[in-house]
Amino acid sequence: MKTRSIRLYDTYQAKVREFVPIEEGKVSIYYCGPTVYNYVHIGNMRPVVTFDLLERVMKACGYEVHMISNYTDIDDKIIKRALEEKKSEKELSDYYIKAYEENLKGLNILPLENHPRVSNYIPEIVDFISKIMDNGYAYKAGGDVYFSVTDDPGYGKLSKMNVDDLISGSRVETNEAKKSPMDFALWKVTDDKGIKFDTKLGSGRPGWHTECVVMINSYFKKPTIDIHGGGFDLKFPHHENENAQSWAYSGKNLANYWMHVGFINLNNAKMSKSLGNIVLAKDAIEKYGGNVIRYLFISTYYRSPINFSSEAVETARVEVEKLKKFSDSFQVKFALNGLEPSDGINSEEFDEFLGYLADDLNVANAITVLDKVIKEGNKALRNSRTSSEELFKCYNTFNKMIDTLGLKFERKVVSEEDKKIYDDYLAAKKERNFDKSDKLREKLIERKIL
RNA sequence: GGUUCCUUAGCCAAGUUGGUAAGGCAACUGACUGCAACUCAGUCACCAUCGGUUCGAAUCCGGUAGGAACCUCCA
């Protein structure tokens with residue numbers, strides 16, 4: 001299958017670039033997943049929705065997509081919490097992984113190929129760190145292993161940070177053992193009560209920045225993948241550090257394209273646990289529905305911040321309602337008139353729609369085309385001369401667009417009883433028996449037929 | 001202190017390489033209707049501000065005001 005051209009903003013080169021895959025027709029993607037020590041908030045889900053949209057768009061453009069995301073199940077926060085709750089780290093992380101997966105379902109996220117967990121990659125991580133040490137980019141200090149930032153001339157290229165500025169302006173805690181305050185831990189030895197691993201690097205745990213590189217290399221079996229991303233804040237230090245390790249390990253960049261997704265603010269303020277202004281994803285999905293949250297996320301360009309306010313949610317709600325109503329009215333029409341489904345879409349319109357999405361996920365413009373289809377569809381529905389084939393073409397086009405955006409509407413079921421009421425309603429109107437028709441109309445509105 | 005970003009109608013939000021502003025919501029007007037709802041059509045922007053470059057700038061450059069992020073765990 002021929003692939004359609006896609007343009008993506010690449011943080012590394014700081015510009016929109018034509019997407020060129022490593023392997024023709026295929027794309028490998030990894031985005032950083034949650035640290036599973038608690039329920040995730042809505043901000044955590046924006047990158048997930050964004051990458052899910054990217055996957056759908058790339059598939060529609062003819063790509064074979066291989067996308068994975070990790071679960072960080074080894075982390076100080078998990079250990080602390082597990083000790084508090086007198087559970088094992090595994091019990092705790094398993095619980096929150098399950099909770100997280102409910103959110104994936106709620107937001108209609110396509111199943112990923114894999115969700116690697118750090119705890120399953122300890123031997124690979126140890127080998128990886130050893131190789132970096134052999135290559136001269138990491139050193140042991142007080143039992144821990146640190147990455148030597150000053151030995152990497154490319155450090156700071158991704159996040160556009162200058163190492164000297166970072167060091168001089170650093171509020172980083174000074175650690176006597178470290179060569180430079182910017183150096184970060186690859187392996188930390190410990191004798192605390194938390195989970196630890198007995199390895200040739202000592203009894204301890206890996207640093208956070210190593211896991212993703214190792215899992216990318218191990219899973220995709222190559223040093224460089226097509227796209228790597230996550231939230232905006234991951235750019236520095238997390239992704240910068242990952243890429244530094246990749247260079248130290250293989251002499252190659254970890255990814256050809258780096259994508260970073262903007263934040264979600266709550267009433268114009270950053271969500272933070274200390275301020276206590278967190279909206280949990282599960283609560284938002286339960287309260288407003290997955291479609292509304294998803295629509296809210298994708299309707300703003302993914303690199304811009306979103307302000308999560310009651311007005312914003314309401315706007316998204318009304319939009320989704322409109323889409324749902326459109327979908328319903330087609331199904332009602334088909335059912336009431338006993339129309340036989342037919343295939344085919346309006347490919348020019350879908351092409352235009354996809355073209356916008358393929359332009360760095362310009363959902364706003366794509367929705368413009370969707371709205372055009374809805375207007376035409378509504379006109380076609382009212383026009384008694386529209387053929388059933390044309391109606392289905394419009395409906396199919398609409399559905400394909402909705403599916404590409406990752407929205408999902410249940411099928412409207414029109415019962416025999418509904419049909420009967422509808423026929424009676426028409427008859428009463430014809431007889432100008434408005435008392436009766438008004439009552440039937442009430443019923444039909446209740447049943448969402450009108 | 002260092003680095004970076006943002007400011008488009010009541011609200012949300014587009015706007016490749018500069019050529020006098022997409023779309024949606026809300027509002028208003030009209031059509032349709034027995035009345036209404038739905039739907040359709042139409043109306044609604046001096047692009048934060050000041051100055052510069054230019055035949056021409058929301059788009060480029062500079063100043064000002066306001067807002068935000070990163071530099072530390074963070075989606």
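Chain letters run A, B, ... following the sequence lines, proteins first and then strands; every chain starts at 1.
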_B/S/- contact track for nucleotides 6-17 of chain B, protein heavy atom under 4.0 Å_ = -------SSS--
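As rounded to whole Å, 15 Å separates atom C1' of U4(B) from atom CG of Asp233(A). One can place NZ of Lys372(A) at 17 Å from C1' of A41(B), the figure rounded to the nearest angstrom. Residue Ile109(A) contributes atom CD1, which lies 17 Å from atom P of A75(B) at whole-angstrom precision. Counting to the nearest Å, the C1' atom of A75(B) and the NE2 atom of His209(A) are 15 Å from each other. Following rounding to the nearest Å, Lys379(A) (NZ) and C32(B) (C1') show an atom-to-atom distance of 14 Å. Rounding to whole angstrom units, CG of residue Leu158(A) and P of C71(B) are separated by 14 Å. Between the CG atom of Asn44(A) and the C1' atom of C73(B) there is a distance of 13 Å, given to the nearest Å. Taking atom OH of Tyr425(A) as the reference point, atom P of U33(B) lies 13 Å away to the nearest angstrom.
One finds a side-chain N or O of Lys375(A) lying less than 4.0 angstrom from the OP1 or OP2 phosphate oxygen of A41(B). Contact between the side-chain N/O atoms of Lys270(A) and the OP1/OP2 oxygens of C70(B) is found at a separation under 4.0 Å.
With 3.5 Å as the limit, one finds no donor-acceptor pair spanning the side chains of Tyr12(A) and Asn256(A). Between the side chains of Thr368(A) and Asp371(A), not a single donor N or O lies within less than 3.5 Å of an accepting N or O. No hydrogens or angles considered: a donor-acceptor pair under 3.5 Å links the side chains of Asp183(A) and Tyr139(A). With no hydrogens or angles considered, a side-chain donor-acceptor pair links His228(A) and Glu242(A) at under 3.5 Å. There is a side-chain donor-acceptor pair under 3.5 Å between Tyr155(A) and Asn241(A). Under the 3.5 Å distance criterion, with hydrogens and angles disregarded, a donor-acceptor pair is assigned to the side chains of Asn253(A) and Trp247(A).
Residue-to-nucleotide proximity on RNA chain B shows that, of Leu234(A) and Ser159(A), the 5′-proximal contact is made by Ser159(A).
When heavy atoms are screened at a 4.0 angstrom cut-off, Phe236(A) is found touching the sugar-phosphate backbone but no base atom. Note on Lys235(A): nothing from the nucleic acid sits closer than 4.0 angstrom, heavy atoms only. Nucleic acid contact class of Gly33(A) (heavy atoms, under 4.0 Å, all strands): none.
Looking at Asp192(A) and Arg205(A), a side-chain N of the basic residue comes within less than 4.0 Å of a carboxylate O on the acidic one, giving a salt bridge. Of the charged side-chain nitrogens involved, at least one lies within less than 4.0 Å of a carboxylate oxygen, so that Asp94(A) and Arg117(A) count as a salt-bridged pair.
When distances are taken from the side chain of Arg382(A) to each of C70(B), U39(B), A75(B), the shortest belongs to U39(B). Side-chain atoms of Pro47(A) lie closest to A75(B) of the nucleotides A75(B), C38(B), C74(B). In this structure, of A75(B), G23(B), C25(B), it is C25(B) that holds the atom nearest to the side chain of Val318(A).
Comparing the P positions of G42(B) and U49(B) gives an interatomic distance of 30 Å, to the nearest angstrom. Separation of the C1' atoms belonging to G23(B) and A45(B) is 15 Å when rounded to the nearest angstrom. Between the P atoms of A14(B) and C55(B), the separation comes to 33 Å (whole Å). The gap from the C1' atom of C32(B) to that of G18(B) amounts to 45 Å, rounded to the nearest Å. One C1' atom belongs to C44(B), the other to U64(B), and the distance between them is 31 Å to the nearest Å. Between the C1' atoms of G67(B) and A48(B), the separation comes to 11 Å (whole Å). Between G52(B) and A58(B), the two P atoms lie 15 Å apart (nearest whole Å). The same atom, C1', is picked in A9(B) and in G62(B); the two are 28 Å apart, to the nearest Å.
In the displayed structure, Gln13(A) atom CD is contacted under 6.0 Å by more than 12 heavy atoms of other residues, nucleotides or ligands.
With contacts defined as side-chain heavy-atom distances shorter than 4.5 Å, the pair Cys394(A)/Asn346(A) does not qualify. The shortest distance between side-chain heavy atoms of Arg56(A) and Asp403(A) falls below 4.5 Å.
Within residues 433-450 of chain A, the residues that have a heavy atom under 4.0 Å from RNA chain B are, in order of number, Phe434(A), Ser437(A), Asp438(A), Arg441(A). Heavy-atom distances under 4.0 Å link RNA chain B to no residue of residues 383-397 of chain A. Residues from residues 322-336 of chain A lying near RNA chain B, meaning a heavy-atom separation below 4.0 Å, are Lys322(A), Lys325(A) in numerical order.
Scored by the side-chain contact (heavy atoms from CB on, under 4.5 Å) test, Arg411(A) finds Gln331(A), Tyr395(A) as partners (sequence neighbours excluded). Scored by the ring-ring contact (aromatic ring centres under 6.0 Å, His included) test, Phe19(A) finds Tyr63(A), Tyr257(A) as partners (sequence neighbours excluded).
Aromatic pair Phe392(A)/Phe334(A): ring centres closer than 6.0 Å. Residues Tyr39(A) and Tyr96(A) bring their aromatic ring centres within 6.0 Å.
Side-chain atoms of His41(A) come within donor-acceptor range of the base of A75(B), with a qualifying N/O pair under 3.5 Å.
The nucleotide A48(B) finds its pairing partner in U64(B), both defining distances of the Watson-Crick or G-U wobble pair being shorter than 3.5 Å. Pairing partner, G1(B): C71(B), with both Watson-Crick or wobble hydrogen-bond distances short of 3.5 Å. As the counterpart of G30(B), C40(B) is assigned, both hydrogen-bonding distances of the Watson-Crick or G-U wobble pattern falling under 3.5 Å. Pairing partner, C25(B): G10(B), with both Watson-Crick or wobble hydrogen-bond distances short of 3.5 Å. Across all strands shown, U59(B) forms no Watson-Crick or G-U wobble pair with both distances under 3.5 Å.
Glu240(A) places a side-chain N or O within donor-acceptor distance of the main-chain N or O of Gly156(A), the cut-off being under 3.5 Å.
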*Tyr71(A) and Tyr100(A): ring pair (Phe, Tyr, Trp, His ring centres under 6.0 Å), yes or no, with the steps?*
CA-CA 10 Å; Tyr71(A) 290 136; Tyr100(A) 176 79; 5.5 Å; yes
